[in-house]
Amino acid sequence: MDQVSQIREKTDIVSLLSEYIPLKKTGQNFKALCPFHGEKSPSFVVSPVRQIWHCFGCNRGGDAYSFLMEYENMEFPEALRVLAKKAGVEIIQNEWQTQSSFKKERIYEINRLSAAFYHYILTQHNAGKKALSYLTKTRNIDSRIIDTFMVGFSPASGIALNRYLIGRKQFKKEDIIESGLGFLRNGQIIDFFRERIMFPLFDHRDNITGFSGRVFGGNENAVRSKYINTKETIVYHKGKAFFGLNIAKEKIKKEKRVIIVEGEFDVLSLFREGIGNVVAVKGTALTEDHVRLISRFAEKISICFDQDKAGQDAMLRSIPTLEKSGLVTSVIELSGKDPDEMSKKDSSLLKDAIKHDKGLYDFLIEKSVNTFDKKTYEGKKQIIDAVLPFLISIENEIIKDHYLKRLSEELAVSYESVLKEADRKQKKEEDLA
C-alpha cells in the first residue's frame, strides 16, 4: 500500500468532516447541509463504510483528500500532509510534490524557523532584553502568554535573521525574499523586520503564514508605521489573516462566539483576563474571506474595535459583509480607547461590556441618537442619513421592519414616513449601482 492509500485508510472521514461541518446520522450514513452551495434541505451525504462524501445537490464528491482540497482550497500535497499528521504517518516527499506546494512548504518552514529565532532573541538573548522588559513591565504580559503566542523580537542590525537562515539553515537568498522576510539592497539581503516586537500569524491549521511587527518604547513616535505586516506572499494574504485564531478556535467553537479586536495587544490582554475566544483582524476592516473563515467556528461575531474614528469607520465598513454572512452580529461598547487600555484600568468593566454587548443595529441607532439632536430638523436628518443606509441593507424583511419601526419611534415620526424615505434611498442606491 502506498502512502496516499495508507493515510486514506487510517482517516475516519466522519470524524474529519465533523471538524468542519455538523453531521447528523441517518441510517448507515450521515447528512449535512452542503458547505459548497447554498441549500435549505441537506443533500450532502457521508458514507463511513465507503469513506466517501457526495452532494446530490451540486454533484461534488470524493474522499478525505478531495474534501480538504475543496473546503480549505488546498493543493493535494498540503491535504496529504494535514491528513498524514492526523493519522500519525511520516510522509516521504516524492513525485506528487508540485512546485507550488513545494514553495508553500518552504515558506512555512522559513516562517517556523524565523518565529523560533525571534522568540529566542526576545526571551533568552541580550538583544531582546529591552523588548522583554517592555512587554512584562509596561504591558503586563507574562512569560506564559509570550510562550503561548510565540511572541518574539527582531534585532536592529538588519542582518541577524538572514544570517541565521542562509548561513546556518542553508536557505537561498531567493527563499528569504519570496517569504517576505528580506529584501535586496545594493546586492545584500536585509531583514524586513528590524527592532520590532514580533507576532507570528498562524492560520487555523497551525501554519505560520507571516508576521506582524510592532515598534515599542521610545521608537513608537519616531517612525511612521507602528505596525508593519509581512508583504503579500503565496501563503500570506492580509485580507484573510487573523492573529490568535490557532489559539482561540477551540474556545470559539465551544462558546459559538468570537470577539474580533484590532490589535495583537488587545488579544493578549483579553487572554490574560481569561477571555480566550478572541482574535485580531489584520487590515482595516473585515473582508468576506475573514467572515467566511470565522463562520466555520462561530455563530456569533462580536465587534470590539477601537473607539477612535479609524476603528469606528472600520466597523461601519464591515457591516455589509457581516449582513451577507447571516451570522448574529453584536458590538461591544468600550468606555476606554481599546480593550487593552480598558483591561488595565478596570478589567471588570471590560468583562461587563463583553457580557452586555449590543445588537449591531441597536448600537447604530443608539449611537446616532446620542450623537445628534433628535429634537431638531437637522438632527433628525443627520440620524436618518447615518443609520438608514445600513437598515435598508438588512436582508431579513422582518428584522428590517423591526428596526425601521424603532427608528421612527426614536425620532417621533410616523413609520410610514421612515418607510417612504427608506424606499427613496433604496431606489437611489439601485440607480447608482
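Atoms CE and CG, on M315 and L364 in that order, are 5.5 Å from each other to the nearest 0.5 Å. Rounded to the nearest 0.5 angstrom, I332 CD1 and I303 CD1 are separated by 8.5 Å. Rounded to the nearest 0.5 angstrom, E323 CD and L391 CG are separated by 10.0 Å. Residue L165 holds its CG atom at 9.5 Å from CG of D175, rounded to the nearest 0.5 Å. One finds the CD1 atom of I394 at 9.0 Å from the NE2 atom of H402 (value rounded to the nearest 0.5 Å). The line from OG1 of T233 to CD1 of I107 is 5.0 Å long, rounded to the nearest 0.5 Å.
Other residues, nucleotides and ligands place more than 12 heavy atoms under 6.0 Å from the NZ atom of K25. In this structure, K249 places its NZ atom where more than 12 heavy-atom neighbours from other residues, nucleotides or ligands lie under 6.0 Å away.
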**Message:** Set out, in order, the CA-CA distance, both residues' side-chain angles and the distance that settles side-chain contact (heavy atoms from CB on, under 4.5 Å) for K240 and L293, then state yes or no.
**Reply:** CA-CA 8 Å; K240 297 180 179 181; L293 174 58; 5.9 Å; no
**Asked** Do Q382 and S368 pass the side-chain contact (heavy atoms from CB on, under 4.5 Å) test, and can you show the C-alpha distance, the side-chain angles, and the key distance before you say yes or no?
**Response** CA-CA 8 Å; Q382 288 170 317; S368 294; over 6 Å; no
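Taking the six-membered ring for Trp and the full ring otherwise, the centers of F153 and Y120 sit at least 6.0 Å from each other. Annotation: F211 is in aromatic contact with Y118 [ring centroid separation under 6.0 Å]. The aromatic ring centroids of F67 and Y20 lie less than 6.0 Å from each other. Two rings, from F117 and H119, have their centers 6.0 Å or more apart. In this structure, W53 has its ring center no closer than 6.0 Å to that of Y71. Remark: aromatic rings of Y65 and F76 are close, center separation under 6.0 Å.
Look at R106 and E178 and you find no salt bridge, because none of the NZ, NE, NH1 or NH2 atoms lies under 4.0 Å from a carboxylate O.
Residue pairs satisfying the ring pair (Phe, Tyr, Trp, His ring centres under 6.0 Å) criterion with at least one member in residues 322-368, sequence neighbours excluded, are listed as follows: Y361-Y403. For residues 182-194, the set of pairs meeting the side chain to side chain donor-acceptor pair (under 3.5 Å) definition, not counting sequence neighbours, comprises N162-D191. For residues 324-339, the side chain to side chain donor-acceptor pair (under 3.5 Å) pairs, not counting sequence neighbours, are S302-S330, S330-D357, E333-K358.
Between the side chains of E195 and S154, no donor N or O sits under 3.5 Å from an acceptor N or O. A side-chain donor-acceptor contact under 3.5 Å links E39 and H37.
Residues satisfying the side-chain hydrogen bond (donor to acceptor under 3.5 Å, both in side chains) test with D142, not counting sequence neighbours, are none. The side-chain hydrogen bond (donor to acceptor under 3.5 Å, both in side chains) check on H237 picks up E232, with sequence neighbours excluded. Not counting sequence neighbours, Y164 has no partner by the side-chain hydrogen bond (donor to acceptor under 3.5 Å, both in side chains) test.
Summarising the geometry of I275 relative to V278, their closest heavy-atom pair is O-CG1, 3.5 Å, with the distance given to 0.1 Å.
Of the listed residues (R205, R296, K253, K86), just one forms a salt bridge (Lys or Arg N to Asp or Glu O under 4.0 Å) with E19, and that residue is K86.
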